[in-house]
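Reviewing the structure listed below.
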Amino acid sequence: MKSQKTLLFNDTATQALIERVAELIISDINSGNLQHLAFIGIQSKGVPAARRVAAIIAEQCNIQIPVALLDISMYRDDIGKRKSLPHIHKTEIPFDLDDKSIILFDDVLHTGRTIRAALDAITDYGRPKLIRLATLIDRGGQEFPIMANYIGQTIEVEHQDDFVSMSWQETDSKDAVYIVRK
Amino acid sequence: MTSWTKKDLLSLYDLEAEEIQFILDTAAEFKKVSERRVKKVPALRGKTVVNFFVEPSTRTRTSFELAEQRLSADIINISASSSSLSKGESLLDTVKNIEALQADIIVMRHSAAGAHNFISSHLKCGVVNAGDGAHSHPTQALLDIFTIIEKKGGVKGLNVSIIGDILHSRVARSNIWGLLKLGANVTIGGPATLIPKEFAEIGVRVCDNLKDAMEGADVINLLRIQHERQKASFFPSIGEYSKIFGVNEDTIKYLKKDALVMHPGPINRGVELASSIADGPQSVILEQVTNGLAVRMAVLYLIAGSLD
């Protein structure tokens, strides 16, 4: 059966989501809540999100925030439940996590299972002072008690099985958000 | 190739080049796990791995066991002497019993070539070949190729010479299959009695002297003389073998300065390889051991992920 893909946000609207997240984080930086700040982008779609937001903050506030890459494959709770395992992307954390304020980035917040895996992975690398979550889209349907601190936009999907999918200029040639019905 | 789907690793002969590359790419990420403060991931939590070594092994078994521990698997070790094989039970009955205990993966070493192909066709659980007779030792070849790629940036077009007892060597066969699939030029060298000429038919260059095998090589992989497998005399004496095929201070001059010296271990120091070369700047022997752990973690992870 062919899946049906509907455009939800075009490139301009997607850019607005990124700017919204940057604005929320800048506001927290200005209140002095985020000492020794660093970003971690979850592979693969959370990485451009983290980099774009870091670039906006660098431009507006003249603060360089280091961005790490994290692949959570080894921490998934469905290894052996899936039919096969996908390619593991690079994990690169070029700084010590101890006592940092970490903002974790993913493109879409859905069940929360990816975030659970990422939290376990991060605590194996070090002991940050705090971890917060940024996402461009919160689509609801969380299965774990996990909420995002910085949200580009909260949306409602018609069917819980619908899948919110992002494409990035860096990897897919354009910025956009789609709803995919299987 | 975007995902791994095989439940067994029996031989590199069965794999496509892109499948070999997939394992090596996965291993590169697992290598980093062993470099962290917490050298463990929960990937195989709740999975049971049985290490069934019908033939003795120290380094391969230890490496698999550590790989399993770093993946958080539950582990059972069975050796030939502690298994019911010594009471006359058949191999198939033994592995069926292991599977009935809900084992997810059996890592087996066996002296009979093809033993793994036989059991895997009767089992639902995953089977990893940790060596079968003179046939295949896929994780050793994978770690050798991983080490070459790490040091040389790739393997395609490189000249790799495997020198020593090719006839009895599963390491040689596995390396030859893997290296040819990835586009390397493979040479085998050693006493004519220990070099199966059939390899020439699959594109391997065959040499019967050390100088030809070493000159122009980017990598030499030296193999131990396997006294325990040799039922006949293939050369007059160990002393003579060492004199003609030993890599030492005199013969290392045939080798390019930036070429790698590899050995799967255990080394017979002073026979196929002099201590000064084994411990010298061109040797990557201990890095092979480190990389073996990463490769085995990757293999177990991928297989665990493709079990029903």
Side-chain angles (χ1 to χ4, degrees), chain A residues 3 38 40-47 68-100 102 112-129 131 144 163 165 167 171-172 180, chain B residues 1-9 18-49 67-74 102-105 124-126 294-295 297-308:
Chain A
S3 59
I40 297 180
I42 299 178
Q43 291 276 23
S44 57
K45 305 263 172 144
V47 171
L69 323 178
L70 181 70
D71 184 285
I72 55 97
S73 305
M74 300 172 199
Y75 290 82
R76 297 189 69 98
D77 60 6
D78 59 355
I79 295 170
K81 288 210 167 82
R82 299 154 71 93
K83 271 285 172 211
S84 63
L85 288 179
H87 210 277
I88 299 184
H89 291 89
K90 211 183 272 283
T91 292
E92 236 172 48
I93 304 181
F95 45 81
D96 188 353
L97 290 179
D98 289 1
D99 302 319
K100 290 270 188 326
I102 298 294
R113 287 177 192 268
T114 300
I115 308 304
R116 194 282 307 162
L119 294 173
D120 280 353
I122 290 173
T123 46
D124 277 356
Y125 279 91
R127 189 175 185 282
K129 183 171 185 300
I131 305 175
F144 282 1
F163 184 72
S165 156
S167 77
T171 48
D172 318 289
V180 182
Chain B
M1 184 173 161
T2 54
S3 67
W4 179 267
T5 52
K6 287 202 158 82
K7 81 162 186 74
D8 306 308
L9 177 68
E18 61 175 11
E19 291 176 310
I20 296 173
Q21 194 59 53
F22 196 94
I23 298 174
L24 298 173
D25 291 345
T26 306
E29 290 307 309
F30 276 102
K31 184 168 181 180
K32 294 181 195 164
V33 172
S34 296
E35 292 161 358
R36 306 186 326 200
R37 266 187 293 186
V38 178
K39 298 179 178 59
K40 201 174 172 107
V41 290
L44 263 66
R45 199 172 50 187
K47 299 269 191 297
T48 304
V49 182
E68 292 148 10
Q69 286 178 354
R70 291 200 172 165
L71 293 166
S72 308
D74 298 317
Q102 311 295 330
D104 296 288
I105 299 175
K124 285 194 189 69
C125 68
V295 160
M297 286 172 81
V299 166
L300 291 162
Y301 165 78
L302 290 172
I303 283 178
S306 59
L307 296 172
D308 286 336

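Residue numbering restarts at 1 for every chain, and letters A, B, ... go by the order of the sequence lines. The basis for the numbers below is simple: all heavy atoms, side chains too, and nothing from hydrogens, waters or symmetry mates.
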**Study point:** B:Lys47 versus chain A, the contacting section by heavy-atom distance below 4.5 Å
**Key:** side chain
Exercise for review: Not counting sequence neighbours, which residues clear side-chain hydrogen bond (donor to acceptor under 3.5 Å, both in side chains) with A:Arg113? List them please.
Suggested key: A:Asp77, A:Glu143
Exercise for review: Drop me the distance from A:Leu85's CG to B:Ser306's OG, to the nearest 0.5 angstrom.
Suggested key: 7.0 Å
Check your understanding: Counting distance only, does the side-chain N/O of A:Lys90 pair as donor-acceptor with the main-chain N or O of B:Glu29 below 3.5 Å?
Key -> no
**Study point:** Euclidean distance, A:Asp71 CG relative to B:Lys32 NZ, rounded to 0.5 Å
**Key:** 9.0 Å
Exercise for review: Answer yes or no: does atom NZ of A:Lys129 have more than 12 heavy-atom neighbours from other residues, nucleotides or ligands under 6.0 Å?
Suggested key: no
Practice item. Report the option among B:Val41, B:Ile303, B:Thr2, B:Val33 that has the most heavy-atom pairs separated by less than 4.5 Å from atoms of chain A. Key: B:Val41
Review point. When heavy-atom pairs shorter than 4.5 Å are enumerated against chain B, which of A:Arg76, A:Lys81, A:His89 gives the highest number?
Key: A:His89
Review point. To the nearest 0.5 Å, how far apart are CG in B:Leu307 and CD1 in A:Ile79?
Key: 11.5 Å
Check your understanding: Is it the side chain or the backbone of B:Phe22 that comes within 4.5 Å of chain A heavy atoms, both, or neither?
Key -> side chain
**Study point:** A:Met74 vs B:Thr26, side chain to side chain contact (heavy atoms under 4.5 Å, CB included): CA-CA, chis, key distance, verdict
**Key:** CA-CA 11 Å; A:Met74 300 172 199; B:Thr26 306; over 6 Å; no
Extract all donor-acceptor atom pairs below 3.5 Å that involve side chains of residues 116-126 of chain A and protein atoms in other chains or at least two apart in sequence.
from: A:Arg116; atom 1: NH1; to: A:Asp120; atom 2: OD2; distance (Å): 2.5
from: A:Arg116; atom 1: NH2; to: A:Tyr75; atom 2: O; distance (Å): 3.0
from: A:Thr123; atom 1: OG1; to: A:Leu119; atom 2: O; distance (Å): 3.0
from: A:Thr123; atom 1: OG1; to: A:Asp120; atom 2: O; distance (Å): 2.9
from: A:Asp124; atom 1: OD2; to: A:Tyr75; atom 2: OH; distance (Å): 2.7
from: A:Tyr125; atom 1: OH; to: B:Arg36; atom 2: NH1; distance (Å): 3.3

Exercise for review: Begin with the C-alpha distance, continue with both residues' side-chain angles, and end with the deciding distance and a verdict on side chain to side chain contact (heavy atoms under 4.5 Å, CB included) for B:Trp4 and A:His87.
Suggested key: CA-CA 8 Å; B:Trp4 179 267; A:His87 210 277; over 6 Å; no
